[in-house]
> 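To start, I am sharing the structure in question, which I have written as structure tokens.
Because the structure is predicted, anything quoted here is derived from the model rather than measured.
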Amino acid sequence: MTAAVATRARAIVYRTRGSRHGGITRLMSPGDLGEFLKPFVFLDLFGFEVTGGHKGFGLHPHSGIATLTWLMEGDTQYEDTTGEQGTLHGGGVEWMRAGNGVWHTGAPAPAPGVERVSGFQLWVALPPSEENAPAQSMYLAPSQVPQEGPARVLLGRYGAAQSPVAAPSPMNYLAVKLKDGERWSYVPPAGHTVGWVALSAGRLEAGDDTGGPIAAGELAVFEESGAAIDFVAHGDTSFVLGSAVKHPHELVMGYYSVHTSKAALEQGEAEIRRIGAKLRQEGRLA
């Protein structure tokens, strides 16, 4: 007879509601949680009423990182200096590897019957091999985002589902929906010791925590471990989950940029200035 082996739930070591400014809640920044959760260095939960006159984010630059925008509902118009432009629909993904420098913009796109635009925007730190590479963008329609069980795979691989986006280092980023009372267990790939979740709806019992269920608008950080994370939904619940091999490099920060060294940052910021000057000459930037 084989004795049962007791397993300890993976502990939650930090919880936050971030800081809210209008329709944006900043849950993670490179100067705070990003240092502990790298390669995940920035996370915004956003929500705007389409009829509220929100004009979007305007043209702005990045370098040294990649951004992934998961659009949960509504439509947005996008344009970037790689030459891409169009409309991203609810359930779609925008991936922007800024690399050596890029400018992009996004704004709610009014559509019949659509009253709200909401989603998460994530920044991912790039390794030295990619932080000054040419900018690259990819826009996925809802049908192009693969699903395994309750999880849509935005980055990486879960089960048989693999994202079309090539992750710059070993990481998973999933968008998960659970019904009230539903249980789900996430087993991270080997080496994925970084782990966190952020909720947009419902409440979620997760890991080993005495603080009660995680609520909508909260981000919870799990202890660094390779252990599985068990979830129980309280109400219909939506959340994003990140797991990864820890980014082994420093975070050297500019205003819109994160690099691994001062020299790489200076190179990226020089390219941002060059593109900005060209946009001004073309009358696309004030």
Side-chain angles (χ1 to χ4, degrees), residues 16-48 54-70 76-84 94-108 119-137 168-169 173 196 198 219 242 247-286:
T16 181
R17 285 186 171 274
S19 59
R20 183 164 184 165
H21 304 279
I24 299 174
T25 300
R26 185 142 301 162
L27 293 166
M28 181 198 316
S29 295
D32 49 51
L33 284 180
E35 186 61 48
F36 301 96
L37 295 176
K38 59 187 183 182
F40 308 108
V41 297
F42 175 104
L43 186 69
D44 272 353
L45 171 60
F46 62 87
F48 308 108
H54 192 274
K55 301 187 185 303
F57 298 98
L59 267 173
H60 61 281
H62 294 294
S63 70
I65 57 166
T67 67
L68 190 147
T69 303
W70 162 239
T76 62
Q77 297 170 334
Y78 62 83
E79 181 180 2
D80 66 59
T81 53
T82 72
E84 297 288 340
E94 178 198 47
W95 170 256
M96 171 59 69
R97 188 188 71 180
N100 200 44
V102 75
W103 290 65
H104 70 162
T105 183
F120 284 95
Q121 186 178 83
L122 176 74
W123 291 11
V124 174
L126 295 176
S129 60
E130 293 192 28
E131 65 180 320
N132 291 113
Q136 180 186 72
S137 61
S169 60
Y173 183 43
W196 56 271
L219 181 147
H247 184 68
H249 307 285
E250 290 186 39
L251 300 181
V252 181
M253 291 173 280
Y255 193 75
Y256 288 101
S257 307
V258 182
H259 284 267
T260 67
S261 69
K262 184 178 179 181
L265 173 64
E266 289 174 350
Q267 182 178 334
E269 290 188 329
E271 178 66 2
I272 282 173
R273 290 192 296 271
R274 186 194 70 78
I275 298 171
K278 185 172 183 288
L279 291 171
R280 289 185 184 91
Q281 287 178 348
E282 295 171 349
R284 297 166 62 192
L285 191 66

> CH2 of Trp70 to CG of Leu45: how many Å apart, nearest 0.5 Å?
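Result: 13.5 Å between the selected atoms.
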
> Could you state the interatomic distance from CG (Leu122) to OG1 (Thr67), rounded to the nearest 0.5 Å?
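The distance works out to 8.5 Å.
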
> Taking side-chain contact (heavy atoms from CB on, under 4.5 Å) as the test, write out the residues that go with Thr69, two or more places apart.
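Thr69 satisfies side-chain contact (heavy atoms from CB on, under 4.5 Å) with Phe46, Glu94, Gln121 once adjacent residues are dropped.
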
> To the nearest 0.5 Å, how far apart are CH2 in Trp95 and OH in Tyr173?
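Interatomic distance, Trp95 CH2 to Tyr173 OH, rounded to 0.5 Å: 11.0 Å.
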
> What I'd like to find out is whether the side chain of His104 reaches to under 4.5 Å of the side chain of His60, using heavy atoms alone.
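They are in side-chain contact.
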
> What's the shortest heavy-atom distance between Ala125 and Val41, and which atoms?
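Closest approach of Ala125 to Val41, heavy atoms only: CB-CG1, 4.0 Å.
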
> Is the shortest heavy-atom distance from the side chain of Leu43 to the side chain of Leu33 under 4.5 Å?
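They are not in side-chain contact.
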
> Got Val124 and Leu68 here, is their nearest side-chain heavy-atom distance under 4.5 Å?
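Result no, sub-4.5 Å side-chain heavy-atom pair not found.
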
> Applying salt bridge (Lys or Arg N to Asp or Glu O under 4.0 Å), which residue pairs with at least one partner in residues 31-41 are found, sequence neighbours left out?
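Salt bridge (Lys or Arg N to Asp or Glu O under 4.0 Å) check on residues 31-41 returns Glu35-Lys38.
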
> Can you find a heavy atom in the side chain of His259 that is under 4.5 Å from one in the side chain of Asn132?
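Yes, side chains in contact.
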
> Going by the rule ring pair (Phe, Tyr, Trp, His ring centres under 6.0 Å), which residues pair with Trp123 if we only count those two or more places apart in sequence or in a different chain?
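In terms of ring pair (Phe, Tyr, Trp, His ring centres under 6.0 Å), with neighbours along the sequence ignored, Trp123 is linked to Phe42, His62.
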
> For the pair Arg17 (side chain) and Ser19 (backbone), establish whether a donor and an acceptor sit closer than 3.5 Å, ignoring hydrogens and angles.
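Checked: no pair found.
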
> In chain order, what residues pass the salt bridge (Lys or Arg N to Asp or Glu O under 4.0 Å) check against Asp44, with sequence neighbours excluded?
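Salt bridge (Lys or Arg N to Asp or Glu O under 4.0 Å) list for Asp44, sorted by chain: Arg26.
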
> With rounding to the nearest 0.5 angstrom, report the CD1 to CG distance, Ile275 to Asp80.
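Between Ile275 CD1 and Asp80 CG, I get 10.0 Å after rounding to 0.5 Å.
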
> Work out which heavy atom in Ser63 is nearest to a heavy atom in Ser257; give both atom names and the distance.
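Scanning both residues completely, I find the closest heavy atoms to be OG-OG, 2.8 Å.
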
> Minimum heavy-atom separation for Pro30 to Leu251, with atom names?
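Nearest heavy atoms, Pro30 then Leu251: O-CD1, 3.9 Å.
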
> Where do Ala198 and Leu27 come nearest, in terms of heavy atoms and distance?
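Closest heavy-atom pair between Ala198 and Leu27: CB-CD1, 4.0 Å.
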
> Would you compute the distance between atom NE2 of His247 and atom CG of Leu37 and round it to the nearest 0.5 angstrom?
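Going from NE2 on His247 over to CG on Leu37, the span is 13.0 Å.
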
> Less than 4.5 Å apart, side chain to side chain, heavy atoms only: is that true for Thr81 and Lys278?
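They are not in contact (no side-chain heavy atoms under 4.5 Å apart), so the answer is no.
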
> For a 4.5 angstrom cut-off between non-hydrogen side-chain atoms, does His249 reach Pro128?
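Answer yes - side chains close enough.
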
> Could you tabulate the donor-acceptor pairs under 3.5 Å formed by side-chain atoms of residues 262-269, not counting sequence neighbours?
unit_1	atom_1	unit_2	atom_2	d
Gln267	NE2	Asn100	OD1	3.4

> Identify the two heavy atoms, one from Ile272 and one from Pro61, that lie closest to each other, and give their separation to 0.1 Å.
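Residues Ile272 and Pro61, closest heavy atoms: CG2-CB, 3.4 Å.
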
> So do the side chains of Trp196 and Met28 get within less than 4.5 Å of each other, counting heavy atoms only?
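Yes, at least one pair of side-chain atoms sits under 4.5 Å.
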
> Taking only residues at least two apart or on different chains, which pairs with a member in residues 120-134 satisfy salt bridge (Lys or Arg N to Asp or Glu O under 4.0 Å)?
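Non-adjacent pairs meeting salt bridge (Lys or Arg N to Asp or Glu O under 4.0 Å): Arg97-Glu130.
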
> Could you state the interatomic distance from OG (Ser29) to CE (Met253), rounded to the nearest 0.5 Å?
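Ser29 atom OG to Met253 atom CE measures 9.5 Å (nearest 0.5 Å).
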
> Mind listing the closest non-hydrogen atom pair of Thr82 and Ser137 along with its distance?
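Reported closest heavy-atom pair: OG1-OG, 3.0 Å.
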
